[in-house]
Novice: 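Please see the structure below; I have some questions.
Counting convention: from 1, in listed order, for ligands and their atoms alike. Small disclaimer: the values here were computed from a predicted structure and weren't measured.
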Amino acid sequence: MPSPRLTSLSRGSGCGCKLPAADLHALLGDLELPRDERVLVGIETGDDAAVIRLSDELALVQTIDFFTPIVDDPHAFGAIAAANALSDVYAMGGTPLSALSILAFPLERLGSEILKSILDGALRVLNEAETPLVGGHSIEDPEPKFGLAVTGTIDPDHMLANSGARDGDALVLTKPLGTGAIATMAKHGEVSPELLAQAIEVMSTLNRSAGSRALEAGAHAAADVTGFGLLGHLHAIARESGLCAEVRAEAVPALPGVKQLLAREEAISGGTRRVADWAATFTNFNPDVADWQRWLLADATTSGGLIVAVPAGRASEIPGQVFGRLVSGPAGIINVS
Ligand code: CO
Ligand code: CO
């Protein structure tokens with residue numbers, strides 16, 4: 001009997017299956033979180049990873065990311081999941097040290113070849129990142145899920161935390177948007193193999209050089225674009241830095257073909273709709289901004305690029321596109337024109 005398509009085994013896919021940010025935030029606000037002065041970046045700021053001080057010059061970066069299949073190709077799924085998990089370390093300005101895998105898999109139904117292929121894809125990306133896989137945990141589950149817990153190191157004086165951005169910083173995005181829409185339509189069998197291959201390439205590309213170039217350019221803050229869309233992750237930087245963001249929709253890079261896809265209802269996933277609803281509470285759109293661009297900015301992304309806040313004069317040192325800036329104004333508000 002042929003194996004079912006990987007993406008047919010789950011309802012959500014990739015980072016689109018994240019719990020809604022607004023609900024998580026409200027819930028965390030009700031909990032009493034322990035204080036520890038060694039924790040330099042913790043749960044409260046919506047950062048990509050936690051940072052724990054070990055000495056004056058050295059801190060640990062810790063993060064975990066896992067999700068259901070975003071594509072049917074198991075090797076690509078493993079590669080994307082690995083690039084996505086490593087990305088949170090790069091987004092803090094850190095260097096990954098080691099990784100543990102987290103796996104849920106219907107072994108009897110799908111067979112060991114598919115599992116081997118997922119792990120193989122992840123290992124290819126981990127090798128590229130010079131990060132050893134040192135262990136993991138796996139369970140039997142009808143809905144496949146895969147990801148990594150990554151530990152890294154960082155210089156505590158050179159972190160790209162959400163709260164570090166300054167008035168006047170330029171905003172750079174290092175990968176084009178639209179992978180959420182492409183993956184959603186691929187699930188319906190409605191994108192060309194070329195477009196899907198392009199999206200897979202973007203999602204499995206490491207944010208390693210983007211992170212190191214951001215540090216070298218004197219960047220103040222960074223976050224990777226994942227399930228909360230460009231608007232959600234930019235909101236966290238603006239809010240935590242006490243600034244307001246200005247975005248030029250025309251300047252936001254998109255994968256080719258995404259404009260046409262986003263004209264169709266079916267391309268907009270439940271995850272993207274949730275982001276758009278939430279983002280409406282802190283985003284003002286100029287009436288000229290086209291509908292497809294509004295959806296693009298909310299696209300629930302998997303393994304997206306870094307949003308980097310960098311002194312305007314040095315923005316060109318980062319491989320990517322300048323799409324806006326941070327200015328003084330109501331914290332966390334985003335004005336899109
Ligand atoms: Co992240
Ligand atoms: Co993450």
Novice: Using the side chain to side chain contact (heavy atoms under 4.5 Å, CB included) definition, which of the options P319, P253, S303 pairs with K175?
Specialist: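 Answer to the side chain to side chain contact (heavy atoms under 4.5 Å, CB included) test with K175 among P319, P253, S303: S303.
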
Novice: Among the N/O/S atoms of D48, select the one at the shortest distance from the Co ion (ligand 1) and name it.
Specialist: OD1

Novice: Output all residues satisfying side-chain hydrogen bond (donor to acceptor under 3.5 Å, both in side chains) with D72, sequence neighbours left out; order by chain, then residue number.
Specialist: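 Checked D72 against side-chain hydrogen bond (donor to acceptor under 3.5 Å, both in side chains); matches are R5, T7.
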
Novice: Residues two or more places apart in sequence or in another chain: which of them pass side-chain hydrogen bond (donor to acceptor under 3.5 Å, both in side chains) with S241?
Specialist: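 side-chain hydrogen bond (donor to acceptor under 3.5 Å, both in side chains) list for S241, sorted by chain: empty.
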
Novice: The Co ion (ligand 1) and D88: any N/O/S contact shorter than 2.8 Å?
Specialist: yes

Novice: Look at the side chain of S98 and the backbone N and O of P132, then say whether any donor-acceptor pair between them is shorter than 3.5 Å.
Specialist: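 No; zero donor-acceptor contacts below 3.5 Å.
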
Novice: Among the N, O or S atoms of D224, which one sits nearest to the Co ion (ligand 1)?
Specialist: OD1

